[in-house]
Amino acid sequence: MKTPHSYEPFKVVLATHNEHKVMEIMAIFSDIPIQFVTLNNYPGAPEVVEDGKTLEENAQKKAYEIARFTKEIALADDSGLEVEFLDGMPGVISARFAGTNCSYADNNTKLLKSMKGVPTEHRKARFRCVMALAVPEGATQTVQGVLNGYITDRARGEEGFGYDPVFLVPEQGKTLSELGPKLKNGLSHRYKALQAMKPILLKLRDNILHHLDKSSAGPPTEII
Ligand code: ITT
């Protein structure tokens with residue numbers, strides 16, 4: 001077990017290679033007293049193979065492998081778009097729906113084609129974001145956030161990434177791309193997962209700082 005001293009200063013590595021996610025997570029968490037660092041600070045960090053059957057498995061695997069490599073606390077996000085008409089697809093294969101190494105545009109084109117002619121009431125979809133927090137010793141904790149909406153019949157908007165241009169937020173009458181980062185970051189699946197993760201992160205931070213204060217104490221038996 002790593003001693004609590006090696007966690008000082010309290011820092012969390014964002015276990016993702018997706019720059020858009022990094023920007024969103026940093027913006028959503030700009031108000032909490034935790035230092036977030038990216039994988040750019042860890043040359044040689046492994047490309048974690050996302051071969052899990054669920055978002056939960058992949059999020060836990062990403063968080064744990066990066067925590068083990070960096071010897072820091074790590075936060076990972078595995079997200080996917082689940083379309084009712086497609087029985088929950090693309091789901092866990094959202095990144096490679098149109099094939100290995102495909103672009104966001106390829107995925108959106110394939111999705112719109114698969115939904116061609118489908119009436120609005122059958123175009124329901126949801127974004128699901130699973131966030132996992134891991135410590136190098138291996139313990140992980142996961143939470144999730146969900147955003148319900150509809151698949152549009154054409155791409156709309158320029159902002160965001162992935163399926164944002166084809167995902168309509170009904171309350172706003174706009175796609176996530178049209179809403180732009182500020183509005184997206186106040187209602188998204190990622191925002192909701194991070195809100196659920198916030199108390200867990202703060203508690204972990206308090207536990208570690210508490211143990212640092214009482215430097216005579218041994219390592220925390222349960223830190224996550
Ligand atoms: P990391 O694994 O390095 O975090 P990734 O881009 O592979 O990055 P995911 O596996 O979590 O991320 O995401 C799968 C795909 O789901 C991603 O490539 C996007 O196409 C889509 N996606 C995830 N979050 C999204 C969001 O907020 N808006 C639009 N599309 C999103």
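Whatever order the structure lists them in is the order used to number ligands and atoms, beginning at 1. Side chains are part of it too, since the values below use all heavy atoms of this structure and drop only hydrogens, waters and symmetry mates.
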Can you list the ligand 1 atoms lying under 4.0 Å from a non-hydrogen atom of [X]?
X	answer
Ala95	14 (C), 15 (C), 18 (O)
Lys62	1 (P), 2 (O), 4 (O), 10 (O), 11 (O)
Lys184	26 (C), 27 (O), 28 (N)
His189	24 (N), 25 (C), 26 (C), 27 (O)
Asp77	4 (O), 11 (O)
Asp78	9 (P), 10 (O), 11 (O)

Linking I/L/V/M/F/W/Y whenever any side-chain heavy atoms sit under 4.5 Å apart, do Val146 and Val166 land together?
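Per the 4.5 Å side-chain linkage, Val146 and Val166 are not co-clustered.
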
Single-linkage hydrophobic cluster, 4.5 Å side-chain cutoff, Leu194 and Ile73 together
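Linked within one cluster.
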
[atom]: nearest protein contact (heavy atom, Å):
atom	value
atom 6 (O) of ligand 1	Asn18 ND2, 2.9 Å
atom 1 (P) of ligand 1	Thr16 OG1, 3.4 Å
atom 24 (N) of ligand 1	Arg190 NH2, 2.9 Å
atom 28 (N) of ligand 1	Asp164 OD1, 2.6 Å
atom 16 (O) of ligand 1	Ser94 CB, 3.4 Å
atom 25 (C) of ligand 1	Phe161 CZ, 3.4 Å
atom 7 (O) of ligand 1	Glu50 OE2, 3.7 Å
atom 11 (O) of ligand 1	Lys21 NZ, 2.7 Å

Does some side-chain heavy atom of Val37 sit less than 4.5 Å from a side-chain heavy atom of Leu14?
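With C-beta onward as the side chain, the pair stays apart.
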
Take the angle between the ring planes of Phe167 and Phe127 and call it parallel below 30°, perpendicular above 60°, tilted in between.
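Phe167 vs Phe127 ring planes: tilted.
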
Checking the side chain of Arg205 only, and the main-chain atoms of Ile34 only, is there a donor and an acceptor separated by less than 3.5 Å?
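Absent.
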
Hey, does the side chain of Arg126 reach the backbone of Val83 with a donor-acceptor pair shorter than 3.5 angstrom?
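No, the answer is negative, given that no donor and acceptor are paired below the 3.5 Å cut-off.
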
Hey, what do you get for CZ (Arg156) to CG (Leu179), rounding to the nearest 0.5 Å?
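Interatomic distance, Arg156 CZ to Leu179 CG, rounded to 0.5 Å: 10.0 Å.
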
Just go through [options] and tell me whose heavy atom is the nearest to [atom].
atom	options	result
atom 3 (O) of ligand 1	Glu47, Glu24, His17	His17
atom 23 (C) of ligand 1	Gly162, Ser79, Pro165	Ser79
atom 30 (N) of ligand 1	Phe97, Tyr163, Tyr104, Tyr191	Tyr163

Which heavy atom in Tyr104 sits nearest to a heavy atom in Asn18, and how many Å separate them?
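Nearest heavy atoms, Tyr104 then Asn18: OH-ND2, 3.5 Å.
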
Residue that, paired with Asp77, satisfies side-chain hydrogen bond (donor to acceptor under 3.5 Å, both in side chains) out of His189, Lys21, Lys62:
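The residue from His189, Lys21, Lys62 that satisfies side-chain hydrogen bond (donor to acceptor under 3.5 Å, both in side chains) with Asp77 turns out to be Lys21.
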
Check contact between His20 and ligand 1, using heavy atoms of the residue and a distance below 4.0 angstrom.
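Heavy atoms of His20 never come under 4.0 Å of ligand 1.
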
Return a table of donor-acceptor pairs under 3.5 angstrom between the side chains of residues 89-103 and protein atoms on other chains or two or more places apart.
| from | atom 1 | to | atom 2 | distance (Å) |
| --- | --- | --- | --- | --- |
| Ser94 | OG | Leu81 | N | 3.0 |
| Ser94 | OG | Gly91 | O | 2.6 |
| Ser103 | OG | Ala105 | N | 3.4 |
| Ser103 | OG | Asp106 | N | 3.0 |
| Ser103 | OG | Asp106 | OD1 | 3.3 |
| Ser103 | OG | Asp106 | OD2 | 3.2 |

Charged N-O contact under 4.0 Å between Lys184 and Glu24
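Judged by the 4.0 Å cut-off on N to carboxylate O distance, Lys184 and Glu24 do form a salt bridge.
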
